[in-house]
Amino acid sequence: MEQSEAKAAIEAILFTVGDSVEISRLCQATGLDKKTVTGLLRELQGEYEARSSGLQLVFLEDAVQMGTRPEYYEQIIQIAKTPKKITLSETVLETMAIVAYKQPVTRVEIEKIRGVSSDRAINKLLEYDLIQELGRLDAPGRPILFGTTEQFLRTFGLSSTEDMPEISALQVEEFKQQAQEEISLKLDV
């Protein structure tokens, strides 16, 4: 890998990881020795300083991390502390509830409960980081298992999924009836 390409790769790695990365791992990723990688990091740091960039490289023993310059903290905090508003449709909320109460659950199980395709709702929940892939079911086709995330707990003010409200058998039956009515309405159209 040529050095200008390696420097760009190092910058991309540090930006993407967002945490400290050992210089030895940067050497593995670029195929270059420690002295060369350290030199490229110093060049990159010099470029940031020369153009008064808002970014800097922070060297930590045998690791390096890309960060922001402390003098821009006030401007960053104005944007960063503004919470992103998440709006969940009824369909997405329904899918979220199924995942939360039945986890780990597959897409097929979700769709069996809802009676309709849930691709869009699942993708929205993944996008909002409210659910995550937990692995795969040991069954034909190896379907993906979904479960809730820490972001789900934060969003709904829970410390664990055990804090979720209990659902009575009567409520479950009401939900099943509503789903059946929804399916029959869609079939009548």
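Atoms CD1 and CD, from I122 and E111 in turn, are 6.0 Å apart once rounded to the nearest 0.5 Å. Summarising the geometry, atom OG1 belonging to T36 is positioned 11.0 Å from atom CG belonging to L41; distances are rounded to the nearest 0.5 Å. Atom-to-atom distance recorded for K35:NZ and L40:CG is 12.5 Å, nearest 0.5 angstrom. Taken to the nearest 0.5 Å, the OG1 atom of T149 stands 4.5 Å off from the CG atom of D129. L137 contributes atom CG, which lies 7.0 Å from atom CD of E109 (distance to the nearest 0.5 angstrom). Put simply, CD1 on I10 and CE on M66 are 10.5 Å apart, with the number rounded to the nearest 0.5 Å.
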- request: Step by step, work out the side-chain hydrogen bond (donor to acceptor under 3.5 Å, both in side chains) result for Q103 and T148.
  value: CA-CA 8 Å; Q103 64 184 309; T148 57; 3.0 Å; yes
field: Working for side-chain hydrogen bond (donor to acceptor under 3.5 Å, both in side chains), residues E2 and S4
entry: CA-CA 6 Å; E2 114 178 22; S4 63; 2.8 Å; yes
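Between R107 and D119, the closest side-chain pair of non-hydrogen atoms falls below 4.5 Å. When side chains are defined from C-beta on, Q132 does not count as touching E150, because their heavy atoms never get closer than 4.5 Å. Residues K124 and T95 fail the side-chain proximity criterion, which asks for heavy atoms closer than 4.5 Å. Between K34 and D62 the shortest side-chain heavy-atom distance falls below 4.5 Å. Taking the side chain as every heavy atom from C-beta outward, T106 and I144 never approach each other to under 4.5 Å. At a threshold of 4.5 Å between non-hydrogen side-chain atoms, the residues L55 and T68 count as touching.
Transitive grouping of hydrophobic side chains (ILVMFWY, heavy atoms separated by less than 4.5 Å) brings L158 and I131 into a common cluster. L57 is connected to F15 through a chain of hydrophobic side-chain contacts under 4.5 Å among Ile, Leu, Val, Met, Phe, Trp and Tyr, so both are in one cluster. Criterion: ILVMFWY side-chain heavy atoms under 4.5 Å apart, direct or through other members. Under it, V58 and I76 are not part of a common hydrophobic cluster. A continuous path of Ile, Leu, Val, Met, Phe, Trp and Tyr side chains, each step under 4.5 Å between heavy atoms, connects M164 with L88, placing both in one hydrophobic cluster. Residues Y101 and L125 share a hydrophobic cluster, clusters being chains of Ile/Leu/Val/Met/Phe/Trp/Tyr side chains in contact below 4.5 Å.
Residues passing the ring pair (Phe, Tyr, Trp, His ring centres under 6.0 Å) test with F156 are F152, sequence neighbours excluded.
Within a 6.0 Å sphere centred on CG of D163, heavy atoms belonging to other residues, nucleotides or ligands number more than 12. Shown here is R120, whose CZ atom has no more than 12 heavy atoms of other residues, nucleotides or ligands within 6.0 Å.
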Sequence neighbours left out, cut at 3.5 Å: what donor-acceptor pairs do the side chains of residues 20-27 make with other protein atoms?
none

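Under the side chain to side chain donor-acceptor pair (under 3.5 Å) rule, Y48 has a single partner from R69, E11, E43, which is E11.
Scanning both residues, A29 and I13, for their nearest heavy atoms gives CB-CD1, 3.8 Å. The minimum heavy-atom distance between F146 and E133, with the atom names listed, is CE2-CG, 3.9 Å. Contact between R114 and S117 at its shortest, heavy atoms only, is NH1-O, 3.5 Å.
Judged by the 6.0 Å and 45° rule, R42 forms a cation-pi pair with F59.
Judged purely by distance below 3.5 Å, without hydrogens or angles, the side chains of E74 and Q78 never pair a donor atom with an acceptor atom.
A donor-acceptor contact shorter than 3.5 Å is absent between the side chain of S118 and the backbone of A121.
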